[in-house]
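Encoded as structure tokens, the structure appears first; notes follow it.
Each chain gets a letter, A, B and so on, in the order its sequence line appears, and its residues count up from 1.
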Amino acid sequence: MNLNSIKIKRVFEEALASEIRKSFSEVIPDFNVFSREIHNSISTPRPEQGDLSSSICFALARLAKKSPMEIAHEMASKLETYLGKEDFTSRIKNENGYINLWLDEAEYSKHVLEAIFSEKEKYGISSIGSARKVIIEFPSVNPNKPWHIGHLRNALLGDSISRIFEANSYIVEREDYIDDLGLQMAEILWGREKFLHEDTKKYDTLLGEAYVEINKEITERHAEKEVNAILKKMEDTSSKESVEIRKISEKSVRAQYDTAFSYGIYHDVLVWESDIVREKLLKHAIDFLAEKKITQKCTEGKYAGCVVIANKEPGQATDAETDDEENRKVLIRSNGVATYLAKDLAFHMWKLGIIDCQFNFSEFIIQPNGKKAYTSSENGKAMGFGKADLAINIIGAAQQHPQNLLKRIFEEITGEQRILHLSYGEVSVKGGTLSGRKGGWIGTTKSYTADSLLEEMEKMTSDIVSNAEKPRSDIDIKEVSRKVALAAIKFEFLKTDPEKKVLFEWDKALDLNSNSGPYCMYMYARASRILERAGVGKEGIRLADADFKKITRGEDFMIIKQIGAMQETIEKACREYKPSIIATYVMELSLIFSNFYEKMPVLSGEEYRTLRTGIVMAVKQALFNMLCLINIDTTERM
RNA sequence: GGGCAUGUGGCGCAACUUGGAUAGCGCAUCUGGCUUCGGACCAGAUGGUUGCGGGUUCAAAUCCCGUCAUGCCCGCCA
């Protein structure tokens, strides 16, 4: 059994609960409520105060009308009987009213190293997902432009969240929604002859630049009606307009996916708006909602002739008195055309398997990781996509309201919370926004595309790699500088809480001094070299030869504790859907490791050698596993 | 007008969900450290009324009320 930080916490909690039940049950009104308080009272104190700590005596003090110090003193001595070798607990002390628990550092270290050596890349994974299927949608960029740095944030978040959910035993389907029937594509169609010319440029960039021109022209010539006429024709998926725009879109998406691949981002399935329309998914959905009486058809008033739905977010009352005109949202306009929300509802019904609508799928592309990405299509065959237990949408904070509406409607339909919206703050640049319409992504000197960001970053890293103080002759400069560039970008984007908005500035983005991605990679490379020097090959070391009595209360044990907390961290990142939690963990581990090898020589000193080599091996594995969750590649040398 | 989010040393962030011991990390600034397992490194120092004002509590960055600032959302657009 793997006794990591989660289980030790539970052991401590149970000991506390059982002792408190014995001594304080008379003053505790509801023990179930109080056990929650016990759970929350446990935290990790600073190292000199122990390995786990509980502040529960303060709560008991009020109930029992005694001082917390007194209670802590009595409790500590009673809790000593719970200490046991099998839990690796060795000491209980009370201090200032807190109860502090110490682990047996030798035994716990041995246990953690054994666990990580036997589980290797599986160490730290959790089973909380219990094979439930989750469909994660990202980044769903319109096919009329290249990915800019805002789309990149979305894609990196989606990719990392996918990895984190997989590490928690969810079955993950990475899905990308392509809106090839939107207004923007109609505009492309309107102006393609005048503005879209073949070029050596990447097709998505070509299209994006042409689109900005086209949009300007439409505004100047007041051609909105002509565009709308095209849009209407596109709705018929057999029309030549629809067929042509699908062709243009596919070419553009392939170009966008070259960008995705350069960042190591992959998908399982692409779903196209045009296929949704062809398969009449929308009609099925509207019928379903009408049958459930969730929607209604208005016959009079402002929304006469429309199909509408209550405009309320989760938790808001849906009773009749607030159910006036203002609180409705249109699904089908009086002219019979569906709104965006209606389409989104229909699509989510497919995602969650609420209505049965079989799309056909065919192979879209074989990705560099060897996995095929499939696409919905007119021809092809039925496959097992969709029908998920949970749908996660990686969508900007601007869409909070429609996403909440969506969540609420599905809560009404299914009676449970099966849609999650991972909302993230938008990326802006100094001059303004990254608008696709106005071309904000084009920038003034360098364009704010994901492609040029990687290109610029690679220039920087290749410079640093080749001009290092002690240049290495045994590395492939191109390969290493690309890996470092990617690490720098990914770490920078993922270390920040998704909720925070980001102001992108070139000089800050390219400042590698303040970036932790390469630092963590460096620590991995250092660990590799130490092991190489130690002569550790594939067979590893004999842990039985390690003298665990030599573990101190310094950086060595801090590393052990950090590694023991890996599963806890992976679960937390999943529950809160925050890759930044993983990034912080990796950063902390790197910092401790750096301190460790500075202070504690690994190779000199026979009696320490096997033990510390083992710790270095464990660090290397832990860094690898966790960096993988934020899609950062490691390198043995740099 | 209504709703959501954000506000923490000069800068960028963490801790807020679940109140707890001295508010943690990086950059920048200053001072030190390589004949030693890789200097993309390490040690030390300077720098904070956690936007502001109340309240709850033995205890508040964290919870509650108010307030200010910034950004976003609120269409028979997508």
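Nucleic acid contact for A:Glu426: none, since no nucleic acid atom lies under 4.0 Å from a heavy atom of the residue. Here A:Asp497 lies in heavy-atom contact (under 4.0 Å) with sugar-phosphate atoms only. Within the nucleic acid shown, A:Arg533 comes within 4.0 Å of sugar-phosphate atoms alone, with no base atom in reach, counting heavy atoms only. Contact annotation for A:Met521: no contact, since no heavy-atom pair falls under 4.0 Å across all strands. Within the nucleic acid shown, A:Val484 comes within 4.0 Å of at least one base atom, counting heavy atoms only.
Nucleotide B:G38 forms a pair with no other nucleotide shown, judged by Watson-Crick or G-U wobble geometry with both contacts under 3.5 Å. Using Watson-Crick or G-U wobble geometry with both donor-acceptor distances under 3.5 Å, B:G47 finds no partner in any strand shown. Checking B:G66 for Watson-Crick or G-U wobble geometry (two distances, each under 3.5 Å) identifies B:C52 as its partner. B:G24 and B:C13 make up a base pair, with Watson-Crick or G-U wobble contacts both under 3.5 Å. The nucleotide B:G1 finds its pairing partner in B:C74, both defining distances of the Watson-Crick or G-U wobble pair being shorter than 3.5 Å. Using N1 to N3 plus N6-O4 or O6-N4 for Watson-Crick, or N1-O2 and O6-N3 for G-U wobble, each under 3.5 Å, B:A60 pairs with nothing.
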What's the verdict on side-chain contact (heavy atoms from CB on, under 4.5 Å) for A:Val602 and A:Thr613, showing C-alpha distance, side-chain angles and the deciding distance?
CA-CA 6 Å; A:Val602 176; A:Thr613 305; 3.8 Å; yes
What do the steps show when you test A:Ile530 against A:Met617 for side-chain contact (heavy atoms from CB on, under 4.5 Å), and what is the final call?
CA-CA 9 Å; A:Ile530 292 172; A:Met617 285 170 70; over 6 Å; no
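With A:Phe593 as the aromatic partner, A:Arg526 does not meet the cation-pi criteria of under 6.0 angstrom to the ring centre and within 45 degrees of the ring axis.
Distances from the side chain of A:Lys500 to the nucleotides B:C58, B:G7, B:G38 place B:G7 closest. Of the candidate nucleotides B:A21, B:G20, B:C37, B:C37 has the atom lying nearest to any side-chain atom of A:Leu603. In this structure, of B:C58, B:A21, B:U22, it is B:U22 that holds the atom nearest to the side chain of A:Glu48. For A:Glu598, taking side-chain heavy atoms from C-beta onward, the closest of the listed nucleotides B:G33, B:G71, B:U17 is B:G33. Distance from the side chain of A:Leu591 is smallest for B:G26 among the nucleotides B:G20, B:C41, B:G26. Out of B:U18, B:U70, B:U17, the shortest distance to the side chain of A:Asn40 is found at B:U18.
A:Tyr522 has its OH atom 16 Å from the P atom of B:G26, to the nearest Å. A straight line from CG of A:Asn404 to C1' of B:C72 spans 13 Å, rounded to a whole angstrom. Atom CD in A:Glu499 sits roughly 13 Å away from atom P in B:C4 (whole-Å rounding). If you measure from atom CD1 of A:Ile71 to atom P of B:C58, you get 14 Å, rounded to the nearest angstrom. In this structure, OH of A:Tyr597 is placed 5 Å from C1' of B:C41, rounded to the nearest angstrom. Atoms CD1 (A:Ile395) and C1' (B:C72) sit 15 Å apart, rounded to a whole Å. To the nearest angstrom, P of B:G26 lies 15 Å from CG of A:Asp511. If you measure from atom CG of A:Asn513 to atom P of B:C41, you get 8 Å, rounded to the nearest angstrom.
Judged by closest nucleotide on RNA chain B, A:Val502 is the one of A:Met523 and A:Val502 placed further toward the 5' end. Nearest-nucleotide positions on RNA chain B place A:Thr584 closer to the 5' end than the other of A:Phe596 and A:Thr584.
Rounded to the nearest Å, the gap between the P atom of B:G55 and that of B:U6 is 25 Å. Annotation: B:G26 and B:C37 have their C1' atoms spaced 26 Å apart (nearest Å). Going from the C1' atom of B:A28 to that of B:C13 covers 15 Å, rounded to whole Å. Across the P atoms, B:A14 and B:C25 are found 15 Å apart, a figure rounded to whole Å. Atom P of B:U35 sits at a distance of 43 Å from the matching atom of B:U8, rounded to the whole Å. Straight-line distance between the C1' atoms of B:C72 and B:C76: roughly 24 Å, to the nearest whole Å. A gap of 13 Å separates the P atoms of B:G53 and B:A61, to the nearest Å. Using atom C1' as the reference point in both B:A21 and B:U62, the two lie 16 Å apart (nearest Å).
For A:Arg612 and B:C37, the shortest distance from a side-chain N or O to OP1 or OP2 is not below 4.0 Å. One finds a side-chain N or O of A:Arg526 lying less than 4.0 angstrom from the OP1 or OP2 phosphate oxygen of B:G39. The side chain of A:Asn595 contributes an N or O atom lying less than 4.0 Å from OP1 or OP2 of B:A43. Between A:Ser516 and B:G26 there is no side-chain N or O to OP1 or OP2 distance below 4.0 Å. For B:G39, the OP1/OP2 oxygens have no side-chain nitrogen or oxygen of A:Tyr519 closer than 4.0 Å.
Evaluation of atom-type donor-acceptor distances gives a pair under 3.5 Å for the side chain of A:Asn100 against the base of B:A21. At a cut-off of 3.5 angstrom, counting only N and O atoms as typed in the model, there is a donor on one side and an acceptor on the other between the side-chain of A:Glu576 and the base of B:U17.
A salt bridge is absent between A:Glu492 and A:Lys508: the closest approach of a Lys/Arg side-chain nitrogen to an acidic carboxylate oxygen does not fall below 4.0 angstrom. Between A:Arg529 and A:Glu532, at least one side-chain N (NZ, or NE/NH1/NH2) sits under 4.0 Å from a carboxylate O, which counts as a salt bridge.
By the 30° and 60° cut-offs, the orientation of the rings of A:Phe34 relative to A:Phe31 is tilted.
Closest heavy-atom contact between A:Ser249 and A:Trp272: CB-CZ3, 3.5 Å.
Within 6.0 Å of NZ on A:Lys93 lie no more than 12 heavy atoms contributed by other residues, nucleotides or ligands.
Ring centroid separation for the pair A:Phe491 and A:Tyr519 does not come in under the 6.0 Å cut-off.
The line from OG1 of A:Thr496 to NZ of A:Lys578 is 11.5 Å long, rounded to the nearest 0.5 Å. To the nearest 0.5 Å, atom OH of residue A:Tyr424 and atom CD of residue A:Glu426 are 6.0 Å apart.
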I'd like a table of atom pairs between the protein and nucleotides 73-78 of chain B - only N or O on both sides, under 3.5 Å - with the distance next to each one.
unit_1	atom_1	unit_2	atom_2	d
B:C76	OP2	A:Tyr303	OH	2.9
B:C76	O3'	A:Arg333	NE	3.2
B:C76	O2	A:Ser334	N	3.1
B:C76	O2	A:Ser334	OG	3.2
B:C76	N3	A:Ser334	OG	2.8
B:C76	N4	A:Lys302	O	3.1
B:C77	OP2	A:Arg333	NE	3.0
B:C77	O3'	A:Arg333	NH2	2.9
B:A78	OP1	A:Arg333	NH1	3.2
B:A78	OP1	A:Arg333	NH2	2.1
B:A78	OP2	A:Arg333	NH2	2.4
B:A78	OP2	A:Tyr340	N	3.4

